[in-house]
Amino acid sequence: MVRLGFYSNILEAMTEKPTFLTRPYLPPLEEFLPYLAEIWESGQLTNGGPFHQQFEEALREYLGVPYVSLFANGTLALMTALQALRVTGEVITTPYTFAATTHALLWNGIKPVFVDIRGDTCNLDEDLVEAAITPRTTAILPVHCYGNPCTSQRLQQIADTYGLKLIYDAAHAFGVSIGGHSLLEHGDLAMLSFHATKVFNTFEGGAIIGHDLKIKQRLDYLKNFGFADEVTVVAPGINGKMNEFQAALGLLQLRHVDQAIAARCAIDQRYRMALAEVPGLQCLSIADGVKPNCGYFPVLVGADFPLSRDQLYDEFRRHDIHVRRYFFPLISNLPMYRGFASAAPANLPVATGIAKRVLCLPIYPDLDVDTVDRIIEIILSIH
Ligand SMILES: *Cc1c(COP(=O)(O)O)cnc(C)c1O
């Protein structure tokens, strides 16, 4: 018996699957099949079909926002939002984000102007924005990084004073609220991503949240080649439409997302409790009044931790745990951006420092407690 146990332990260790940063949340397949049957029955696969209309309405209600336009993915949504608001020239943005934020500017022929971030939230530092405004500035594009709310009131005040548009990359902010208000209420427009790795997914997908019917109509023309009706093309639009498969999945995912977020937040709590007192390791705190979505669990590895960030990364890899350095390298250090004056590391000291220290630990609804405890144990055993 003892020997059997011994061998089965080895076998278990040998067949143990790697742990990834995230795993997409999927509803039970049986629940999705009736939706598929309906699509096969109707033969309507895209172009604003019945599921598209239902999902847009359901999402509008769930998020408590006035207007939603669905897209094939978040990047196309952001590119189209910039077009809809006729943003040109220069846009003030953060270097501490995913490449798509800044790429959406370049695809529109817009010059990004990088401004440093705050150490507590990893978001655009509102106190540095005004100094970066020039006569060519037309908009501010902040990111609610890891779902941490930006200082939206102050940013709106600056935008109003200087006549700038304010567009949020809210790809991390699904379901996050502050003082009972959704973060998606902020700015002229906000972009959501429903990519597989996000808190809410439709395999791929995205949306623009807005407050103005005319802008929603323009977004809807632009995502459909510029067609206003069968014979009228009002703009050189793109194909950014969400299809019926994505929309049907989105409808079903909405029924599960609260429970998926609750499961994430239980893991967030477990990490926080266990790691709070580890010298040299800092968890980013959740600000007062914020209901988070626990999409990410970033820690900052300080000088007084026995290992450097990259050594800790390697240590996890030895245990087959695939942690990620989000966000490293900084977008401003990529070849297509580092020529801009604002991309100089001396202009971005906080972002540069955090990019060297950050590590995101695995977090997703189905991550089991034993694995979470193993991850915690690896960190504690280093001390
Ligand atoms: C995921 C992500 C995007 C891109 O969204 P896609 O749906 O993958 O196109 C943009 N910005 C941020 C901050 C993201 O995390």
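In listed order, ligands and their atoms are each counted from 1.
Although no hydrogens or angles enter the test, the distance criterion places a donor-acceptor pair under 3.5 Å between the side chain of Glu244 and the main chain of His52.
At least one N/O-N/O distance between Gly74 and ligand 1 falls below 3.5 Å. Between Tyr296 and ligand 1, no N or O atom pair is found at a separation short of 3.5 Å.
A salt bridge links Asp220 with Lys223; the closest basic N to acidic carboxylate O contact falls under 4.0 Å. Salt-bridge check for Asp373 with Arg270: passed, with a basic side-chain N closer than 4.0 Å to an acidic carboxylate O.
In Thr97, the part holding a heavy atom less than 4.0 Å from any atom of ligand 1 is the side chain.
Of the protein's heavy atoms, His172 NE2, 2.8 Å lies nearest to atom 15 (O) of ligand 1. The protein atom (non-hydrogen) at minimum distance from atom 3 (C) of ligand 1 is Phe98 CD2, 3.8 Å. The protein heavy-atom contact nearest to atom 5 (O) of ligand 1 is Ser193 OG, 3.3 Å. Protein heavy atom at the shortest distance from atom 9 (O) of ligand 1 is Thr75 OG1, 2.5 Å.
Closest heavy-atom approach to atom 2 (C) of ligand 1 within the set His195, Glu204, Lys198: this belongs to Lys198. Closest heavy-atom approach to atom 11 (N) of ligand 1 within the set Val143, Leu192, Asp169: this belongs to Asp169.
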Can Phe316 and His322 be said to form a ring-ring contact (aromatic ring centres under 6.0 Å, His included), step by step? CA-CA 7 Å; Phe316 276 120; His322 298 237; over 10 Å; no
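Remark: aromatic rings of Phe327 and Tyr296 are distant, center separation not under 6.0 Å. Ring centroid separation for the pair Tyr67 and His211 does not come in under the 6.0 Å cut-off.
For ligand 1, the atoms sitting less than 4.0 Å from at least one non-hydrogen atom of Thr101 are 11 (N), numbered in the order shown with element in parentheses. Counting the atoms of ligand 1 from 1 in the order shown, those under 4.0 Å from a heavy atom of Gly205 are 7 (O).
The aromatic rings of His172 and Tyr146 lie parallel to each other, their planes meeting at an angle below 30°, with 60° marking the opposite boundary.
Between Ala77 and ligand 1 there is no heavy-atom distance shorter than 4.0 Å.
A side chain to side chain donor-acceptor pair (under 3.5 Å) with Thr97 is found for one member of Thr93, Thr101, Thr94 and no other, namely Thr101.
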